[in-house]
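Remarks on the structure that follows.
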Amino acid sequence: MQTALFAQQVVETLGGGPTPDTVLARQMQALSLAVHIPIVCFGIAFPAMFLFVEGLHLRTGNPAYKALAKRWSKVALILFAVGVVTGTILSFEFGLLWPEFMATWGEVFGIAFGLEGISFFVEAIFIAIYVYGWDRLSPRAHFLTGVPIVVSGFAGSFNVIAVNGWMNNPEGFDVVDGKVTNPQPWDALINTNMWHELIHMYLAGYLVCGFIVAGVYAYAWLRGKRDLYHRTALVVTLAFASLAAPVQVVVGDWAGRTVAENQPVKLAAFEGLQQTQAGAPFTIAGIVEIPKMLSILAFHDPNATVQGLDSVPPDDRPPVTIVRVAFQTMVGIGTGLALLGTVFFVTWLRRRRLPRSRWFYRAVMAAGPLAFVALISGWIVTEVGRQPWIVYGYMRTEQAVTSVDYLEIAYAVLVAVYIGLGAAVYWLLRRLTRKPEVT
Amino acid sequence: MLDDICLGFVLLGITAYAVFGSADFGAGFWDLTAGGARRGARLRGMVQRSMSPVWEANHVWLIFVLVILWTAFPVVYGSIFSTLSIPLFLAAIGIIFRGAAFALRGHAATINEARVLGAVFALSSVLIPFFLGAVIGGVASGRVPVGNAAGDLITSWLNPTSALIGVVGVLSGAYLAAVYLAGDSERAELPDLVRAFRARALGMGVATGAVALAGLFVLRSDARDLYDGLTSGGGLAMVLVSGAAGLGTLALVYRERYGLARVTAAGAVAAIIVGWVIAQSPYVLPGELTLEQAAASDATLSAVVIGVAAGMVILVPSLWWLYRLVLQGRLDQEYEPLDQRFHT
């Protein structure tokens, strides 16, 4: 296991450079990802939801369903536009911040982004046809134009996650004298790490989108807006999110076990486990220690040996506190969301109605922002946990960074731009949460 | 062979972006110069209506170029993005402003909101093609060496060739946009807008041609190799094709045949891009890296070819359908001048 970790550190294809500012570059990249990923959640999950509601309209002919699907699709188009631009920033930043990474490894993992570009294209084409095609295409044809949006949303996630999975568990190349050779792009694309990451992220998309949108209508519900339009909005989003929430717990377990196998040092950081030990305990919120729990979680065996941080030199360990806090946050919120989803489902299935307690709706309003926090925490776990490597075991993050100075200026500009963008989007979307007057 | 095909993909992407994407920037140019909120309202309404269904798909060509570049020619991508980081960063910021402001303007509730968002959209629409043109100028004039920010961070894009290509990028986008918008206005049966865009197309066509011609002298003193490539052999042929297509477009616009003018205008832009690539061949980074040296391993190149070919099977019919729906007017929203929405 250890040999994989130290496999072979490679040399930079562009020949390196002086005074790289790795921390600033990482923060800029993290900021841009934290802006883009929540929007991606809407790209993943929202189309399935408005298509479902449009399907209800096709079956019943009730105009309230159509009004809702139409409204959601317009919101989705705005968010798609924001996703287009924030995603473009990412593709620029790969080169602006990490030219050595791209130059050295582009030929290994790049094909995934090539396919992602195609998916993104299909998504852009069909979301435009869908949104501008309301009342202009036949109802059936219109519904069908929504299907490629859902499929390409999944395909896009597949490809991007493939790259992230690969960075965490690199394969599909050889290293000869420190040089990356013999790239096998298809092997790199379908890597062993991507499946759990993909499903984990895809479900997260439904959780974040579902609970955030549900929160908007839970607020309306508390203020007495309970007609078919609002009720449908609430039930559909809650149903999608509540289906995903408990499954996410199972997938999270799968993800943890894969990390234990492929990146034992990262797993040690989840728990802050200093020494390699058998029957390792798990601590909740830094207080309650459950004996042998980490061994159970990581290997489904109470006596399994879990590798500690001390198995590698200090230079090869990730920032433990950040990873650990993020991990506990994610797990804590994820558990809460699973419980909330279960409350909804049990009530719905047994009583055929929504819960009556006002606290349920308050909890749903909180669930959206919390799901967002869990999403970002999850990415912190996997990405900060990958440090100090950009390509796990092969290239250190500081080897990958640009030699360009003055990143702090670019960083400041970027922060200001994102704040402005966030404010503008919030300002305009707020208006679209109200029920449309004409359908 | 595989490297030629992959270069062809990059070329296809740049051309498509220059034909479709830069027309969206050009539409922003006309939005910017349309005058006060009241006077420019009709023109802006047309810009909003024409761009809405297509700008996102048009934008994806840029992403397409980047992903092919970093997969098939990773060293080129790393070298360009480190040395030319300043104009690329500025273009990226512009892209955020442009896209977000345009999308949000469609949902503005007051004339003041629409004005602010419109100004942001229009101004960034002029800056993005300038900076992207400056990047091409830096590459074409041989100012990007292989390495991690190995070139000069300032003069690599603040130089005569970059300025020239940046300005031509802005002008040619405005020219294309005026031609397309005249056609869209004709379809919408708005004769006053047809006249307005026709006049702009004719004026901008002449201006673009004049700057491009004068630019040859700039290239002659600043980027001699590029100049020689463009004035001999295949490069010269493409320059002449581009010029002829440009003149043809002017004649077609003058005779109000906008459908065909779309094609020739796009042809003029495509020809000059092909001419540029011929002029600097076999180099990808002039004086530094030939196509053969720049290309990734065959396994990667063939993966790119397979991936893109498979993608095109889905993409081409999808794009064709989108543009057909647009050109048939089936995705058209009801036309309204941009200030009319707020009088309710």
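The analysis underlying the following values was restricted to heavy atoms, covering all of them including side chains, and did not include hydrogens, waters or symmetry mates. Each chain gets a letter, A, B and so on, in the order the sequences are listed, and its residues count up from 1.
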Is there a side-chain contact between [X] and [Y] (heavy atoms, below 4.5 Å)?
X        : Y        : value
B:Ile86  : A:Tyr406 : no
A:Trp105 : A:Glu100 : no
A:Glu12  : B:Asn148 : no

Quick one: of [options], who has the most non-hydrogen atom pairs under 4.5 Å with chain A?
options                               : result
B:Ile68, B:Ile63, B:Ile80             : B:Ile63
B:Gly99, B:Ala150, B:Ser302, B:Ser52  : B:Ser52
B:Ala72, B:Ala296, B:Ala303, B:Gly307 : B:Ala303
B:Leu301, B:Ile314, B:Leu90, B:Val67  : B:Val67
B:Ala91, B:Ser85, B:Ala100, B:Ala103  : B:Ser85
B:Val54, B:Asp298, B:Ile96, B:Asn58   : B:Ile96

Tell me which pairs pass ring pair (Phe, Tyr, Trp, His ring centres under 6.0 Å) where either residue lies in residues 67-92 of chain B, with sequence neighbours left out.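 As it turns out, the ring pair (Phe, Tyr, Trp, His ring centres under 6.0 Å) pairs with a partner in residues 67-92 of chain B, which skip direct neighbours, are A:Phe92-B:Phe81, A:Phe94-B:Trp70, A:Phe113-B:Trp70, B:Trp70-B:Tyr77, B:Tyr77-B:Phe81.
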Just do the side-chain hydrogen bond (donor to acceptor under 3.5 Å, both in side chains) check on A:Thr13 and A:Thr104 with the steps written out, would you? CA-CA 5 Å; A:Thr13 301; A:Thr104 310; 3.1 Å; yes
Spacing of [X] atom [atom1] and [Y] atom [atom2] [to the nearest 0.5 Å]:
X       : Y        : atom1 : atom2 : result
B:Thr71 : A:Met102 : OG1   : CE    : 7.0 Å
B:Met1  : B:Cys6   : CE    : SG    : 10.5 Å
A:Leu77 : B:His107 : CG    : NE2   : 6.5 Å

Between B:Trp157 and B:Phe131, how do the two ring planes meet: parallel, tilted or perpendicular, split at 30° and 60°? perpendicular
Is it the side chain or the backbone of [X] that comes within 4.5 Å of chain B heavy atoms, both, or neither?
X        : value
A:Leu115 : side chain
A:Phe80  : both
A:Thr145 : side chain
A:Leu421 : side chain
A:Ile129 : both
A:Trp427 : side chain
A:Thr86  : neither
A:Val131 : neither
A:Pro185 : side chain
A:Leu97  : neither

A:Lys179/A:Asp174 ion pair, N-O < 4.0 Å: no
Between [X] and chain A, with a heavy-atom cut-off of 4.5 Å, which part of the residue counts as in contact: side chain, backbone, both or neither?
X        : result
B:Trp61  : both
B:Leu331 : both
B:Leu88  : both
B:Leu69  : neither
B:Phe102 : neither
B:Leu66  : side chain
B:Leu325 : side chain

Report the option among [options] that has the most heavy-atom pairs separated by less than 4.5 Å from atoms of chain B.
options                      : result
A:Val425, A:Ile118, A:Ile125 : A:Ile125
A:Ala128, A:Ala124, A:Gly95  : A:Gly95
A:Leu414, A:Ile111, A:Val122 : A:Ile111
A:Ile89, A:Leu189, A:Leu429  : A:Ile89

Got a sec, which pairs hit salt bridge (charged side-chain N to carboxylate O under 4.0 Å, His left out) with one end in residues 46-70 of chain B, sequence neighbours left out?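 Listed once each, the pairs are B:Arg49-B:Asp332.
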Any donor and acceptor pair, going by atom type alone, linking the side chain of A:Ser138 with main-chain N or O of A:Ala141 inside 3.5 Å? yes
Would you say that more than 12 heavy atoms from the other residues, nucleotides or ligands in this model lie under 6.0 Å from the CD of B:Gln328, or not? yes
Looking at A:Trp134, is A:Arg136 sitting on its ring face, NZ or CZ under 6.0 Å from the six-membered ring centre and within 45 degrees of the normal?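 Checked: cation-pi criterion not met.
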For A:Tyr130 together with A:Phe126, are the ring centres under 6.0 Å from each other? no
How close do A:Leu14 and A:Pro99 get, counting heavy atoms only, and between which atoms? CD1-O, 3.8 Å
